[in-house]
Amino acid sequence: MPHDMFTLIETAIKETSGAADALLVPGGEHADLASTVAFSLAKQKRQAPVKIAQDLVADLQKRPDLAGIAIEAKGPYINFIFGNAYVSEVLKAAVRPGYGNLEKKTTRVVLEHTSANPNGPLHVGHIRNSIIGDTLARAFRKAGYPLEVQYYVNDMGRQIAIVVWGFDNLDSTQQPGEKEDAHIARIYIAANREIEKDEGITQQVNVLMQLVENGDPAVVRKFRKEVSRCLDGFKVTLKDLNVVHDRFVWESDFIRNGNTERIINKLKRMPQAHEDETLYLDLSEFGFENKYVIRRSDGTSVYAARDLAFHAWKGANFDRVIDVLGADHKLIGAQLQSTMKLLGEKVPEIVHFEFVSLPEGSMSTRAGKFVSADDLITEIRKRAFDEVTTRRPELDVESRKAIAASVGLAAIRYDIVKVSPEKSTVFDWKEALDFERQSGPYIQYAHARACSIMEKAGAFTECYDLESEQEIALAKEIAKFPQVIERVVVELRPHILATYARELADTFNTFYHFEPVLKSEGKIRDRRLTLVKAVQNTLKESLETLGIDAIRSM
RNA sequence: GGGCCUGUGGCUUAGCCUGGACAUAGCGCCGGGCUUCUAACCCGGAUGCCGGGGGUUCAAAUCCCCCCAGGCCCGCCA
C-alpha cells in the first residue's frame, strides 16, 4: 500500500511536470512525501522554483487519482500528505497476525553465519556475526523467502590440529563444571604456549593435518570428537541467544566426497592456474596482487580449496548464496567471488561486519584474550534479575527469572544489531549491561504497555477512523513496517529494523502519554484501542524478527 | 608501501549508496512530570565549522579529489 502511494505520486508528477525524475524525498515533519522537482525544472522553464511548485500543485490537485492526498506547495517544495483512507487501510492490515509478511517468493536462499572455528567458546566478536546473521534470516523468512541457515564447521584447520595435539600431549582433563568449548579453549591456549617454546611441535601438527586429509581413521575420529564437543558448547550459547541454524555442514565432508579434488582439477586447467610446488591462481586481472594458493606443497588442500567446493555445492542447491563474514575475510571473500566467477559458478553475496575489539586491543582465542558470550549472558541475566526484582517484587522467583532471561537477551541482541555493520566497535561491559538506555528492553517495555492496555480493555469494536495528530502519526509509523522488512533484505542491513523498532516505540510512548485510551469513551476509545492493538502487533512482529521475545509483561 | 572500512555535540549513534526544507536518537548535564492505561517512561533546555582542505551543484553530512587519524587485510592460517 505505501509503496503504491510512492509509485502513484511519482507517476503523477512525471506526467504533470514532464520531468524525467519525480525527485521524491521523505517529507520529514512537513509531509509524508515531498518532491524537489521544482528546483530541477527552474533552469529549463526559466521560472523561479517557487512559482513552478505553485503551478504544479494546482495541476496535481485536479487529478482524480490523487484525490485522497493533500497536496500543497511550501516554497519550492511540493508536499504530499496521505489522507484518512490510507490510514484506515494501514490499520486494518496492522491488526492482523503476521503483519509485515511479504509476498511468498520462490527464490531459495542459503544463509551462512557464525561458522566460528571450534577451538574455543564463542566470544563477543563471534556473536556479532550470529546476531546479524540470525536477524537477516528472520527478515528473509518474513519477506517470504524459503531459507536454509547453515553453520560451516571448520573441522580440518591447523587450529583443530593444535587442539588435537594438545589433547594427545598435555594434561587435558576436563575440570568439574567446565563447559566443553571452554575446556577446548584451555587446551588450545596451552598447546599454543608449547608451540612457542618448541618449534618441533609444528611438525607434529603438520603430520596430523596430513593424516586427517588422507582420512586416517584414528586421527579423523579424534578431530571429529573434539570438534563435536566444541560444537555442543556453541549450541548452548546459540540457543541462549535465540540463534537458529538449520544445518551444520562439515568442511571435511568436501574432502571425503571428492568435491574438493574435483574443483582443484577444474582449477588446474584454468589459464590463471600456476603449478610449482604449490597450486595457485593468479587473480591479478581482478586486482589481487597475492597468489591465491589452492594446494600446499605437501599435497594437502588449504581452506580456500574446500571453501570453493562448499560454495559450489551451495550454488548448485540454492538460488542465492549469502555469507555473513567478519571484515578480516574481505580479501579472501573477494578472491572467492572472483574465482567462482571464473569457474562459471554462482557468486556468493557477502555481508561483512567490522571488528569488535576490547579496550585493551584485539580479541584472540589463541592468547586467551576474549570476553566469552557465555560470560556476557550470565552477567546480563544477573543484572536483569536484580532489575526485575526491584520493579516487580510481587512476582515469584521463576517469573522474575523468565523475564530476566528475555530482557537480557533483548539487551544483548539489540545492543549488537543496532549498530551499522561497517562500524567497528569496542566492547564495553558497562554499556553492554545497561538496558535502561536506548535498548531492546525499552522496546519490549513499550510492547508490554500495549499488552497491558489490551488486557484491561476487554471486548471492543475495531474502528479504523483516526482523528488526532498523535493517532495519525502513530498509524503512519506503523505503516512503514513492511517497507522496513523489504529494505533489510534488499540492503542486507538488519540494523535498519533495529532503528525502526525503536522509533515505533518512541512514537507509541509519546501517544501513550498524551492520549488516554482506557479512559476515553465510545468511538474514541474504540479507535484508540484498535490503534494500540496495531502497535502491539507491529512491535511484536518487529521484536520477533529481531530475535527478541515479545513478552507481555515486565 | 598497497587495498578495504570508519571519523557526526563530552561519550555512543541514525542519516551517506539514491544530494534538497531548522542533522536522528540515546547517555551525561540543567529544569519539569507518578492519588491518572506499567516512570525500563514522558515533556522542555543547553551543547554540532557533520575529521581538515579543495572541487562539482541553484543546493553537499551525503558526490569527486587531496590530506590527517583509527580499525581490518595483504600466509603453503582459517
Side-chain angles (χ1 to χ4, degrees), chain A residues 21 23-31 34-36 38-40 42-43 49 74-77 79 115-117 119 154 156-160 162 206 251 277-280 287-291 293-304 306-307 326-332 334 352-355 357 362 384 387-388 390-392 407 418-426 428 431 434-446 448-457 491 495-496 498-499 502-503 505-506 509-510 512-520 528-529 532 553-554:
Chain A
D21 188 337
L23 297 172
L24 278 173
V25 295
E29 65 207 86
H30 309 278
S35 171
T36 58
F39 288 111
S40 68
K43 202 169 265 178
K74 253 237 172 87
Y77 296 90
N79 289 338
S115 303
N117 279 325
N119 59 346
N154 304 128
M156 335 196 28
R158 179 167 295 274
Q159 283 92 331
I160 310 310
I162 291 170
N206 288 345
E251 185 182 6
E277 305 97 71
T278 66
L279 171 67
Y280 69 90
F288 301 116
E289 301 302 324
N290 57 327
K291 295 178 180 177
V293 176
I294 305 295
R295 201 186 55 210
R296 297 190 183 92
S297 53
D298 67 2
T300 58
S301 60
V302 296
Y303 171 83
R306 295 165 237 139
D307 207 25
D328 53 337
H329 285 65
K330 273 187 184 174
L331 179 61
I332 58 152
H352 287 291
F353 64 92
E354 290 289 329
F355 258 50
S357 57
S362 300
E387 196 68 33
V388 177
T390 308
R391 294 171 191 279
R392 306 288 300 276
V407 166
K418 75 179 180 190
V419 184
S420 316
E422 65 271 16
K423 231 143 189 166
S424 53
T425 63
V426 177
D428 179 60
E431 257 175 54
D434 197 343
F435 38 74
E436 298 188 5
R437 307 181 174 202
Q438 188 174 49
S439 68
Y442 167 82
I443 301 161
Q444 285 179 308
Y445 187 71
R449 270 180 159 174
C451 287
S452 175
I453 292 176
M454 294 313 294
E455 259 161 47
K456 286 178 181 155
E491 299 182 28
H495 82 284
I496 293 167
T499 304
R502 200 255 309 150
E503 282 169 354
D506 284 346
N509 278 332
T510 303
Y512 179 92
H513 282 277
F514 289 101
E515 314 268 80
V517 178
L518 296 175
K519 271 180 225 89
S520 53
R528 286 187 185 165
L529 279 170
V532 171
S553 165
M554 61 190 284

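What you are looking at is a predicted structure, and each value in this text was computed from that prediction instead of being measured. Every chain is numbered from 1 and lettered A, B, ... according to where its sequence line falls, protein lines coming before strand lines.
- For the OP1/OP2 pair of B:G26 and a distance below 4.0 Å, the side-chain nitrogens and oxygens of A:Lys418 include no atom meeting the criterion.
- In terms of polar N and O atoms assigned as donor or acceptor, the side chain of A:Glu431 never comes within less than 3.5 Å of the base of B:C27 in a complementary pairing.
- Looking at which nucleotide of RNA chain B each of A:Ser424 and A:Thr36 is closest to, the 5′-most match is held by A:Thr36.
- Side-chain atoms of A:Ser297 come within donor-acceptor range of the base of B:C76, with a qualifying N/O pair under 3.5 Å.
- Here A:Glu515 lies in heavy-atom contact (under 4.0 Å) with a base.
- Note on A:Ala327: only backbone sugar-phosphate atoms sit closer than 4.0 angstrom, heavy atoms only; bases stay farther off.
- What separates CG of A:Leu23 from P of B:A59 is a distance of 16 Å, to the nearest Å.
- Using a 4.0 Å heavy-atom criterion, one finds that A:Val407 contacts the bases of the nucleic acid, with or without backbone contacts as well.
- If you take NE2 on A:His329 and NE2 on A:His352, they are separated by 9.0 Å, rounding to the nearest 0.5 Å.
- In this structure, A:Arg295 places its CZ atom 20 Å from P of B:G75, rounding to the nearest Å.
- Counting non-hydrogen atoms under 4.0 angstrom, A:Ser553 reaches a base of the nucleic acid.
- B:C77 is unpaired under the Watson-Crick or G-U wobble criterion, no partner having all donor-acceptor distances under 3.5 Å.
- With B:A78, B:C73, B:C17 as the choices, the nucleotide that has an atom nearest any side-chain atom of A:Glu491 turns out to be B:C17.
- Across B:C42, B:A39, B:A25, the shortest atom-to-atom separation from the side chain of A:Gln438 is found for B:A25.
- Counting any heavy atom pair closer than 4.0 Å across all strands shown, A:Ala334 reaches no nucleic acid atom.
- Within 4.0 Å (heavy atoms only), A:Ser420 reaches sugar-phosphate atoms of the nucleic acid but no base atom.
- Protein atom CZ of A:Arg296 is 10 Å distant from nucleotide atom P of B:C76, rounded to whole Å.
- Shown here for A:Arg296 and A:Ser301, the closest heavy-atom pair between the two residues is NH1-O, 3.1 Å.
- Candidate nucleotides B:G71, B:C37, B:C76 were compared by shortest atom distance to the side chain of A:Thr278, and B:C76 ranks first.
- Residue A:Glu29 places a side-chain atom within donor-acceptor reach of the base of B:C22, judged by atom type and a 3.5 Å distance cut-off alone.
- Straight-line distance from the NZ atom of A:Lys291 to the C1' atom of B:C77: 17 Å, rounded to whole Å.
- The C1' atoms of B:C27 and B:G70 are separated by 23 Å, rounded to the nearest whole Å.
- Checking the phosphate oxygens (OP1, OP2) of B:G15, a side-chain nitrogen or oxygen of A:His495 falls inside 4.0 Å.
- Comparing B:U12 with B:G28, their P atoms sit 15 Å apart, to the nearest whole Å.
- Minimum heavy-atom separation, A:Pro49 to A:Ala38: O-CB, 3.4 Å.
- Dashed line: the shortest gap from a side-chain N or O of A:Tyr442 to OP1 or OP2 of B:C27 is not under 4.0 Å.
- Note on A:Glu277: a base of the nucleic acid sits closer than 4.0 angstrom, heavy atoms only.
- Looking at heavy-atom distances under 4.0 Å, A:Val517 makes contact with a base.
- Rounded to whole angstrom, the span from the CG atom of A:Asp328 across to the P atom of B:C4 amounts to 17 Å.
- Only the C1' atoms considered, B:U56 is 13 Å distant from B:U62, to the nearest whole Å.
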Side chain to side chain contact (heavy atoms under 4.5 Å, CB included) evaluation trace for A:Phe353 with A:Glu422: CA-CA 5 Å; A:Phe353 64 92; A:Glu422 65 271 16; over 6 Å; no

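- When every heavy atom of A:Met554 is checked against every heavy atom of A:Arg392, the shortest pair comes out as O-NH1, 2.6 Å.
- Between the side chains of A:Arg306 and A:Asn154, no donor-acceptor pair of N or O atoms lies under 3.5 Å.
- Spacing between B:U6 and B:A14 at atom C1', rounded to whole Å, works out to 15 Å.
- Out of B:C5, B:A78, B:U24, the shortest distance to the side chain of A:Glu422 is found at B:C5.
- Comparing the C1' positions of B:C41 and B:G26 gives an interatomic distance of 14 Å, to the nearest angstrom.
- Side-chain nitrogen and oxygen atoms of A:Arg449 include at least one within less than 4.0 Å of the OP1 or OP2 phosphate oxygen of B:A39.
- Residue A:Gly157 is in sugar-phosphate contact alone, with no base atom involved, counting any heavy-atom pair closer than 4.0 Å across all strands shown.
- Residues A:Ser357 and A:Ser362 come closest through the heavy atom pair CB-CA, 4.2 Å.
- The line from CG of A:Asn79 to OG of A:Ser35 is 9.5 Å long, rounded to the nearest 0.5 Å.
- Across the P atoms, B:A61 and B:C50 are found 8 Å apart, a figure rounded to whole Å.
- Residues A:Ser439 and A:Arg502 have side chains that never bring a donor and an acceptor to within less than 3.5 angstrom of each other.
- At the phosphate of B:G71, neither OP1 nor OP2 sits under 4.0 Å from any side-chain N or O atom of A:Lys423.
- The distance from atom CZ of A:Arg158 to atom C1' of B:C76 is 9 Å, rounded to the nearest whole Å.
- Across B:C37, B:C76, B:C72, the shortest atom-to-atom separation from the side chain of A:Leu518 is found for B:C37.
- Nucleotide B:C37: unpaired (no Watson-Crick or G-U wobble partner with both distances less than 3.5 Å).
- Heavy atoms of A:Met554 sit under 4.0 angstrom from at least one base atom.
- As rounded to whole Å, 19 Å separates atom P of B:G33 from atom OH of A:Tyr512.
- The CG-C1' distance, from A:Asn117 to B:C77, rounds to 9 Å in whole Å.
- Between A:Glu354 and A:Lys330 there is a salt bridge, since a side-chain N of the basic residue sits under 4.0 Å from a carboxylate O of the acidic one.
- If you take atom P in B:C73 and the same atom in B:G19, they sit 34 Å apart, rounded to whole Å.
- Contacts of A:Thr510 with the nucleic acid, taken as non-hydrogen atoms under 4.0 Å apart, involve only primed sugar atoms and P, OP1 or OP2.
- For a distance-only test at 3.5 Å, the side chain of A:Asn509 fails to qualify as a donor-acceptor partner of the base of B:A39.
- The nucleotide whose nearest atom lies closest to any side-chain atom of A:Val302 is, among B:G33, B:C58, B:C76, B:C76.
- Remark: B:C4 base-pairs with B:G71; criterion is Watson-Crick or G-U wobble with both hydrogen-bond distances under 3.5 Å.
- Contacts of A:Gly287 with the nucleic acid, taken as non-hydrogen atoms under 4.0 Å apart, are absent.
- When the P atom is used for both B:G2 and B:C67, the distance is 9 Å, rounded to whole Å.
- Set against B:A78, B:C58, B:A21, the side chain of A:Lys43 has B:C58 as its closest nucleotide.
- Base-pair partner of B:C27: B:G10 (Watson-Crick or G-U wobble, both distances under 3.5 Å).
- Within 4.0 Å (heavy atoms only), A:Ile160 reaches no atom of the nucleic acid at all.
- Base engagement by A:Val388 is indicated by at least one non-hydrogen atom pair under 4.0 Å involving a base atom.
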